[in-house]
Protein chains: 2
Amino acid sequence: MTNDQLMVKAAWLYHVEGITQAQIAERMLLTRRKVNELLSAALDQGVVKISFNSPLAETVEQAAKLRARFALDDAIIVPTPADAGQIATVIGRATALFLDTYLRGAGPAALGVGWGATLRETVNHMTALNAPAIKVRSMMGGLTRGSEINTFEIVRRFAKVLNAECHYLAAPIYADDPASRDTIIAQTAFKTLLGEAASVDVSLLSVGDVSTQSLQVRYGLPAGTDGAALRAAGAVGDLLGRYLDRDGQEIDHRLNRQVIAPELRDYRRIRTRVIASGGRHKRDVLGACLKAGLATILITDADTASWLLGDLPSSPPSVNMEDARAAQSQAIDGHQA
Amino acid sequence: MTNDQLMVKAAWLYHVEGITQAQIAERMLLTRRKVNELLSAALDQGVVKISFNSPLAETVEQAAKLRARFALDDAIIVPTPADAGQIATVIGRATALFLDTYLRGAGPAALGVGWGATLRETVNHMTALNAPAIKVRSMMGGLTRGSEINTFEIVRRFAKVLNAECHYLAAPIYADDPASRDTIIAQTAFKTLLGEAASVDVSLLSVGDVSTQSLQVRYGLPAGTDGAALRAAGAVGDLLGRYLDRDGQEIDHRLNRQVIAPELRDYRRIRTRVIASGGRHKRDVLGACLKAGLATILITDADTASWLLGDLPSSPPSVNMEDARAAQSQAIDGHQA
DNA sequence: TGAGCTAAGTTACAAATGTTACTGCGTTGT
DNA sequence: ACAACGCAGTAACATTTGTAACTTAGCTCA
């Protein structure tokens with residue numbers, strides 16, 4: 001029996017029939033240890049999924065406010081996890097649930113996807129759906145330097161889970177200079193691919209920030225550009241590889257003329273534009289995107305939602321993540337007293 | 001905060017953020033005991049749900065064979081639980097998952113439902129869906145003597161979870177005698193209700209058997225009729241309150257002229273006819289229904305599926321459930337040696 | 001051939017979980 | 001007002017779970 005099958009069977013016995021891991025080990029002729037491994041593997045590989053039927057009242061309220069304030073079609077807010085490292089996971093899961101129902105219902109012709117930790121978690125937790133009619137399109141090129149989060153891998157996995165075909169945008173995100181960018185995108189092949197990317201019915205993207213936290217800043221920027229330069233030019237983060245200022249306008253920086261991705265103008269024509277991101281350092285750029293109306297559906301966490309609604313003061317860009325985390329866990333500890 | 005909200009919040013912290021029950025208790029200012037209670041309540045009230053992404057290979061194979069053999073549109077097979085008491089739960093859950101996706105996809109105009117332990121579990125595990133356009137219809141009258149599984153309750157809950165309206169078939173399943181049955185169904189009100197019941201797009205029923213296990217045999221039969229008489233007349237069980245022989249034909253018994261439910265002839269016109277039932281004592285009647293083409297979609301357990309496919313010998317009607325159960329658990333225990 | 005290495009199993013233990021028994025407080029009814 | 005009842009909280013316990021340390025078998029490469 002394949003490993004996948006073992007996971008499903010063990011998970012069935014455990015979660016549905018409710019017998020102990022020791023008993024499962026006996027029945028399946030495995031060690032208890034192995035069963036334990038299988039069960040956690042099943043959980044984080046998304047073979048078994050845990051989903052919620054009723055949403056949390058608090059987040060529903062925030063979602064309604066966000067919808068009204070930024071003219072969104074929908075907003076989904078998940079509670080901010082105490083452990084900042086879990087934000088991508090949690091938002092990713094919520095996004096997966098959203099997409100699951102959305103794709104089943106609307107059945108769009110084409111889905112454009114970006115990349116990032118959040119989208120990786122999303123595809124991890126999607127339910128398999130036989131929808132060969134859906135076209136999956138990559139909306140941005142890949143990182144050229146190695147990274148644990150691979151653009152192509154994400155697109156491929158989306159296609160696989162939907163049993164659909166996919167097109168990669170087989171190019172780096174940034175050309176070496178504006179002139180070569182123009183040459184590249186003038187190629188028939190790229191024109192087609194960019195055209196396809198811009199003509200999807202639904203796009204699923206996350207945003208990047210300009211801190212050193214950002215994978216894109218660390219690995220994705222071409223030689224001669226760094227995060228500091230972008231910040232100096234007024235950037236608060238990027239969408240589709242294009243760096244934006246606080247108002248969601250593209251900054252005047254050479255990098256934005258090197259990017260190989262659809263124009264924001266074309267991007268705006270996409271009917272359903274999902275942006276899924278959260279966490280403290282993504283605040284500013286999320287705010288910028290919303291201000292500029294770049295999203296029609298927002299998926300984020302409760303703290304970020306509060307901030308977007310103006311409940312919290314704007315954070316200075318120099319905020320230290322360690323301090324922030326310490327402050328947060330203190331608040332939680334304080335609760336106990 | 002309402003109890004439901006507490007459950008959702010605790011479940012979120014536990015299943016998504018992955019913190020311990022003790023920590024949740026601290027954060028939510030509850031006792032660990034309370035948290036523990038909330039979590040299991042959340043699980044069996046269906047506030048959180050565990051679902052599987054990939055099906056078990058073995059059952060998929062059986063399902064394909066059943067589809068071919070009985071000209072079904074679909075078949076869903078779940079592993080037979082070791083504990084016979086769990087059969088309704090397990091099949092019910094599978095049915096809920098099926099209905100969830102089915103209703104989201106096809107969006108039928110009207111759903112007819114029956115009653116029984118399996119359907120109660122089904123509605124327990126359905127995902128809430130805002131589908132006010134769906135009409136929920138009761139397809140059979142209610143038991144007149146008290147029972148823990150109430151017909152009206154089930155219809156109402158289906159309607160509630162779909163946020164839809166429902167019509168009850170406000171009548172007993174059986175009239176006192178054939179003559180009064182005819183009088184009753186001649187009433188305009190009942191004509192309308194029976195017509196509605198027979199004109200749904202999807203019906204969801206389970207079957208009854210003729211053993212003393214059967215709730216219907218124990219509580220639902222009118223005075224003057226008992227299980228033994230039905231068995232003597234060749235009945236192997238009932239669908240829609242109508243008792244059938246091994247070939248799925250209505251037996252010639254007075255009871256079948258007392259029943260207040262759609263005619264099988266009309267029932268057959270329903271496009272999608274789901275039958276969800278399993279367990280050893282339902283074998284014969286399931287076989288009868290399939291032979292007569294009364295189902296288009298079957299949801300049952302693996303052992304029953306095997307039997308239906310002819311892999312197992314027909315069981316004598318006098319089989320003792322206690323023995324069967326003992327034999328089964330012995331088989332499992334034997335595994336360990 | 002044998003030393004060393006890897007992978008899997010076994011054992012053992014610490015943490016987390018589920019349950020039971022007990023305690024005390026409030027509430028109800030006489 | 002007082003007794004009886006019951007419910008929620010507390011603490012303690014047994015079970016289950018997750019993990020780490022250790023062992024063994026099989027294999028590779030010198």
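Hydrogens, waters and symmetry mates play no part in the numbers below; they use all other heavy atoms, side chains included. Below, read A as the first sequence line, B as the second, and so on, with proteins coming before strands; counting in each chain starts at 1.
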Quick one: salt bridge (charged side-chain N to carboxylate O under 4.0 Å, His left out) pairs with a partner in residues 42-57 of chain B, sequence neighbours left out? B:Lys49-B:Asp100

Please list, chain by chain and in numerical order, all residues satisfying salt bridge (charged side-chain N to carboxylate O under 4.0 Å, His left out) with A:Glu153, sequence neighbours excluded. A:Arg156

With side chain to side chain donor-acceptor pair (under 3.5 Å) as the test, would you mind laying out the steps for B:Asp301 and B:Thr304 before giving the verdict? CA-CA 5 Å; B:Asp301 66 281; B:Thr304 305; 2.6 Å; yes

Whole angstroms only, please: what is the CD-C1' distance between A:Glu37 and D:dA20? 13 Å

Counting primed atoms plus P, OP1 and OP2 as sugar-phosphate and everything else as base, spell out the protein contacts along nucleotides 10-25 of chain C at 4.0 Å heavy-atom distance: B, S or - for each nucleotide, 5' to 3'. S-B---SBBBB-----

Within this structure, what is the NZ-to-C1' distance between B:Lys34 and D:dA11, rounded to whole angstrom? 18 Å

Tell me: CG of A:Leu38 to P of D:dG18, nearest whole Å? 12 Å

Only counting residues at least two apart or in another chain, list the ones meeting salt bridge (charged side-chain N to carboxylate O under 4.0 Å, His left out) with B:Arg32. none

CD of A:Glu26 versus C1' of C:dG9: gap in Å, rounded? 16 Å

Could you pull out all residues at least two apart from A:Leu66 that satisfy side chain to side chain contact (heavy atoms under 4.5 Å, CB included)? A:Phe70, A:Leu72, A:Ala75, A:Ile77, A:Leu298, A:Ala305, A:Leu308, A:Leu309

Is there any side-chain hydrogen bond (donor to acceptor under 3.5 Å, both in side chains) pair reaching into residues 84-98 of chain A, and which pairs are they, with sequence neighbours excluded? none

Atom CD1 of A:Ile24 to atom P of D:dT16: distance rounded to whole Å? 12 Å

